[in-house]
Amino acid sequence: MSRLDVTDPVAHLTPERWADANRALVRKGLAEFAHERLLNPQELGESRYRVLSDDGATEYRFTADRFALDHWQVYPESISRHRGDEQLPLDALQFVTELRGALGLSDEILPVYLEEISSTLAGTAYKATKPPVSAAELARADFQAIETGMTEGHPCFVANNGRLGFGVDEYRAYAPETASPIHLVWLAARRDRAAFTAGAGIEYETFIRAELGDAAVDRFAGILTARGLDPADYLLMPAHPWQWWNKLSVTFAAEVAQQRLVYLGEGEDAYLAQQSIRTFFNTADPAKHYVKTALSVLNMGFMRGLSAAYMEATPAINDWLAQLIESDSVLGAARFSIIRERAAAGYRHLEYEAATDRYSPYRKMLAALWRESPVDRLADGERLATMASLLHVDHAGASFAGALVKESGLEPEAWLRKYLDAYLLPVLHCFYAYDLVYMPHGENVILVLDERGAVDRAVFKDIAEEICVMDPDAVLPPAVERIRADVPEDMKLLSVFTDVFDCFFRFLGATLAAEGVVGEDVFWRTVAECVKGYQESKPELADRFAQYDMFAETFALSALNRLQLRNNRQMVDLADPSGALQLVGDLVNPIARFA
């Protein structure tokens, strides 16, 4: 998008929207920092609390309800900020600086974190310009309308839309909430520095022609031939437009100058950015593959690159997992599936590789993968929604999940159990039967809904970079070996307790309870019944259920914001992910009392 395409590119930044965005972010900061025990709100009585700044001079007062898992449901309109006798406006940047000591922000991290906060606020202000869509309307919308209609982002992280590197014009062009059509940039990459790997039965030429179309492939070949280059010496690779214009054309200038990389122009198909920013859905032909690209912007604790080395094994890992799922009767009965990453391409910049270790962002600047679309797997009457949508609350305070429950005509408990059987049961079975864990947060799961809005089944994605096998004795094919992880015994079940209970159910349960859809006791009792139902169906795993007890009285609180506040450029040491966790005391397990 050109800077000339928008008359006023900052029209969303008005005093009113900025004030609303700041109130929303301070609300989230109070809630999540209290949950992670960075803040210790003092009770004033009748659900009223206060938090004091580091120097004790500034006071934040608010109303909150407390839910399971030490969840703080802070009510935004109740928040006020005081210094002496003066009431001050809410300002998220000042909120962070006033509490920097409590938050543990170093001199180095603080300004970058403030920039991420500013960017998150700006995104919230932009979302406020969109015509309001009720939760009930969104619940009947199509897959991509739901995807681009999300207003919050990751439920735990306070600075969750940093996207440092995007200018305002690039934000309007590439952020998922703007729903702007995107055309990917295509490059020709010399085969002596690039690699294409694919799953069983996929051959490069046929695959690329199916994705791009014969006309585009032939046009690109013509560009190479006109330069005196042999198309057979090159692989075609997609790149994010931002990555090409801001990184590759400069940082990889030597590769371009020596014609190891050749710019071919944009592809013909239009795509929409997904919630993960660097993954694209083909709107021209929804049955075609998603494309995931490297994107060297800083967002939520990581530079969002893609490793060329990792791409080599990606299709094999996906094929291995797909075969495991297909051969398992429990997963088959749940109609659980994944959308496979079927092909991948990566480019190795040998000079940067010689200068860096394998985790360096300089090794993650040019790679891509193609992931199956779930669209052509739908039966008549079925529709799709990102699981993140279950936590969405509209401008009037109505939840997307509550709208689905109402639309389904089912008793809330029955709707919830169908969802749990589709989502939680496969997570449990993979853990107990195979020592296999996912990163099953809302953005990594697609729900298949029936025509009434009940959850029929779940589809997991983002496989190769997110799964791990924790069994040191598991027999894995050599190409799949990299997903094996050495995790201490007492931390294995945290993958379920943290990713599912604390980072998703904590919010879903509180949202449904606050709205009066499902009481908190009913919510967690239904979760417990799903767990018990699964365990009763697999008596041969009784020893595993005892060893890794889902009904343990407590589990460790793994604090995500603390990771980002400590190091917002790389919040987890990729060489030792479990060792990097910030564990802060324990949480009471909300299903323990239903054992």
Side-chain angles (χ1 to χ4, degrees), residues 143-144 147 174 181-191 194-225 231-244 248 261-274 276-295 306 308 310-319 322 338-347 366-378 384 446 459 461-465:
F143 182 31
Q144 289 306 294
E147 185 77 27
Y174 306 132
I182 294 166
H183 291 263
L184 298 176
V185 165
W186 283 84
L187 305 170
R190 275 192 64 88
R191 288 176 181 262
F196 175 89
T197 52
I202 292 178
E203 180 269 328
Y204 168 76
E205 183 75 20
T206 305
F207 181 82
I208 285 294
R209 286 187 175 274
E211 283 297 304
L212 273 169
D214 289 336
V217 173
D218 293 342
R219 175 165 60 88
F220 292 158
I223 293 171
L224 294 171
T225 303
D233 293 337
Y234 290 84
L235 294 172
L236 299 182
M237 291 183 62
H240 192 296
W242 186 95
Q243 192 75 354
W244 165 252
L248 300 175
L261 280 180
V262 180
Y263 172 71
L264 301 172
E266 292 185 342
E268 294 170 6
D269 284 358
Y271 290 83
L272 272 181
Q274 303 296 279
S276 63
I277 312 175
R278 56 184 171 153
T279 302
F280 297 99
F281 179 85
N282 192 320
T283 56
D285 187 347
K288 283 187 181 179
H289 290 75
Y290 288 92
V291 181
K292 184 175 182 178
T293 59
L295 183 62
L306 269 187
Y310 262 46
M311 290 304 99
E312 289 188 34
T314 287
I317 291 169
N318 279 261
D319 281 354
I338 61 170
I339 42 178
R340 290 173 295 176
E341 291 145 2
R342 296 292 281 141
Y347 186 87
L366 181 52
L369 62 80
W370 287 267
R371 178 186 295 143
E372 292 171 317
S373 168
V375 170
D376 58 353
R377 301 185 187 184
L378 295 179
L384 302 168
I446 298 169
V459 181
K461 63 185 182 72
D462 219 357
I463 299 303
E465 288 196 291

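Any value given below was found using the heavy atoms of this structure, including those in side chains, with hydrogens, waters and symmetry copies removed.
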Approximate separation, where rounding is to 0.5 Å, of Met311 CE and Leu306 CG: 4.5 Å
Side chains of Trp186 and Leu184 in contact at under 4.5 Å (non-hydrogen atoms): yes
Gap between atom CZ of Arg219 and atom CG of Leu264 - 0.5 Å precision: 8.5 Å
Interatomic distance, Tyr290 atom OH to Phe280 atom CZ [nearest 0.5 angstrom]: 13.0 Å
Pair Arg191 + Asp233: basic N to acidic O under 4.0 Å: no
Side-chain (Gln144) to main-chain (Thr283) donor-acceptor, under 3.5 angstrom: no
Donor-acceptor under 3.5 Å (Glu465 side chain, Ile463 main chain): no
Short side-chain to backbone donor-acceptor contact, Tyr263 and Val185, under 3.5 Å: no
Heavy-atom closest contact (Leu384 atom, Pro374 atom, distance): CD1-CG, 3.6 Å
Sidechain-backbone polar pair: Glu147 side chain, Gln274 backbone, donor-acceptor under 3.5 Å: no
Pro315 vs Trp370 side-chain heavy atoms within contact, under 4.5 Å: no
Minimum side-chain heavy-atom gap Phe143-Pro286 below 4.5 Å: no
Any Gln243 side-chain heavy atom under 4.5 Å of Thr293 side chain: no
Basic-acidic side-chain contact under 4.0 Å: Glu341, Lys292: no
Separation between OH of Tyr347 and CG of Leu187, rounded to the nearest 0.5 Å: 10.0 Å
Test log, rule side-chain contact (heavy atoms from CB on, under 4.5 Å), inputs Tyr174 and Leu295: CA-CA 11 Å; Tyr174 306 132; Leu295 183 62; over 6 Å; no
N/O donor-acceptor pair under 3.5 Å between His289 side chain and Ser373 backbone: no
Flag, side chain of Asn282 to backbone of Asp269, donor-acceptor distance under 3.5 Å: no
Thr314 OG1 to Leu369 CG distance, which is reported to the nearest 0.5 Å: 6.0 Å
Salt bridge Glu211-Arg342, side-chain N to carboxylate O under 4.0 Å: no
From Ile317 atom CD1 to Tyr310 atom OH, the distance as rounded to the nearest 0.5 Å: 8.5 Å
Donor-acceptor contact present, side-chain Thr225 to main-chain Pro231, <3.5 Å: no
